[in-house]
**Q** 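Have a look at the structure that comes next, please.
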2 protein chains.
Amino acid sequence: MAATPLTLDEFDHRLLDLMQRDASRTLTSLGDAVGLSPSAVQRRITRYRRHGLLREVAVLDPNALPATTLATVWVAMERDTLRLHTAFRARMRAATEVQQCYALAGEWDYLVILVASSVAHYREVAERLFVDEGNVRRYETRLVFDTVKLGLNLPTRQSPRRRRKA
Amino acid sequence: MAATPLTLDEFDHRLLDLMQRDASRTLTSLGDAVGLSPSAVQRRITRYRRHGLLREVAVLDPNALPATTLATVWVAMERDTLRLHTAFRARMRAATEVQQCYALAGEWDYLVILVASSVAHYREVAERLFVDEGNVRRYETRLVFDTVKLGLNLPTRQSPRRRRKA
DNA sequence: TATGAAATTCCCTAAAC
DNA sequence: GTTTAGGGAATTTCATA
């Protein structure tokens, strides 16, 4: 999916940066910020969407929601079979409680970030996701007691922006 | 911030669920989905925003972006001083390379998810965030080589939805 | 092949009920 | 909560460099 190159110019970088912070801005406001007409902005955004580069979502503040239990889990698989990994990944993608899942290099195969409505609910989910299927050799849970920062902003440039001072 | 209770009814739960998946839907479309008029939907969304519960952001597909290096870092602090923790958290929130930061229970104090444009860039960032300040006792990095799932969807209900079968 | 300006349509927003 | 009406934004069309 989304194997298209899609060349980005400076306008694109600035637009994507702005939209990752706030996707509710109007085309006019975005255009003013980058020096483009609303039409031009809209055409570019349409292109991002068509290429599967961009989607818009609502982000909720976990602290405004009562009884939200977050947990981080590192997972080591039993064997390195492609089949087992594929099944595991499908399970992660399908589970609504899984917020994020990353394949890692090193001692642990995966990092999973889970959300549940209580610790009891978390145990239930962990049992279902990591024990019942039998592919998991070992997993370790660390409960989150505070979310310090929450976002998904990605840099769109190849190199970090130059700073005045190193 | 956002210490308001804010009672949610079934309409709210369904709306928040839909918007976490796709925030670009129109009020009419959302209203049709939950059985409410566009105006009613709009009033509710306005309320979410006023309470700081909801914001809208654009999410980019990391696989559509070349040269995106993701890394997970667990961090143990030198001492348990409130002052040191506060400073650390402020640094995490300020750094654009930090996608997420969670305070953990157990052996490690924090889990940080970082994004950089290259491994070299990552090293530079890690040096700046975890070494230069001197509050960090130990940190361990695991590079991400594949993003299996990426989202921030939170359940808004106290209990998980009942299933037909346990 | 990109742009910006104008016209149209549609949606958001705020009334009144 | 819904229906209504008005203003504003998104989208299309068009002329242009």
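Chain identifiers are assigned alphabetically (A, B, ...) following the order of the sequence lines, protein sequences preceding nucleic acid strands; residue numbering begins at 1 within each chain. None of these values were measured; they are calculated from a predicted model.
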**Q** Could you tell me the separation between the CE atom of B:M19 and the C1' atom of C:dC12, rounded to a whole number of Å?
**A** 13 Å
**Q** Over all heavy atoms of both residues, which pair between A:L104 and B:R142 is shortest? Give the atoms and the distance, please.
**A** CD1-CB, 4.0 Å
**Q** Among D:dT3, C:dC11, C:dA2, find the nucleotide with the atom closest to the side chain of A:R44.
**A** C:dA2
**Q** Taking only N and O in the side chain of B:R43, is any of them less than 4.0 Å away from OP1 or OP2 of C:dT13?
**A** no
**Q** Would you say D:dA10 has OP1 or OP2 under 4.0 Å from some side-chain N or O of A:Q42?
**A** no
**Q** Between D:dT4, D:dA10, D:dG1, which nucleotide gets closest to the side-chain atoms of A:L27?
**A** D:dA10
**Q** In whole Å, I'd like the distance from the CZ atom of A:R50 to the P atom of D:dT11.
**A** 13 Å
**Q** With a 3.5 Å distance limit and no angle check, can you tell me whether A:R25 reaches the backbone of A:M19 through a side-chain donor-acceptor pair?
**A** no
**Q** Can you work out whether B:L36 or A:R25 has the more 5'-proximal nearest nucleotide on DNA chain D?
**A** B:L36
**Q** For B:Y110, run the ring-ring contact (aromatic ring centres under 6.0 Å, His included) check against B:F88, B:Y102, B:W74 and tell me which one passes.
**A** B:F88
**Q** Sub-3.5 Å donor-acceptor pair from the side chain of B:E56 to the main-chain atoms of A:A58, do we have one?
**A** no
**Q** To the nearest angstrom, how far is B:L30 atom CG from C:dC11 atom C1'?
**A** 12 Å
**Q** Calculate the interatomic distance between A:D32 atom CG and D:dA9 atom C1'; express it in whole Å.
**A** 14 Å
**Q** Nearest whole Å is fine: how far is C:dT13 C1' from B:R47 CZ?
**A** 17 Å
**Q** For the base of D:dA10, is there a side-chain donor-acceptor partner from A:S39 under 3.5 Å away?
**A** no
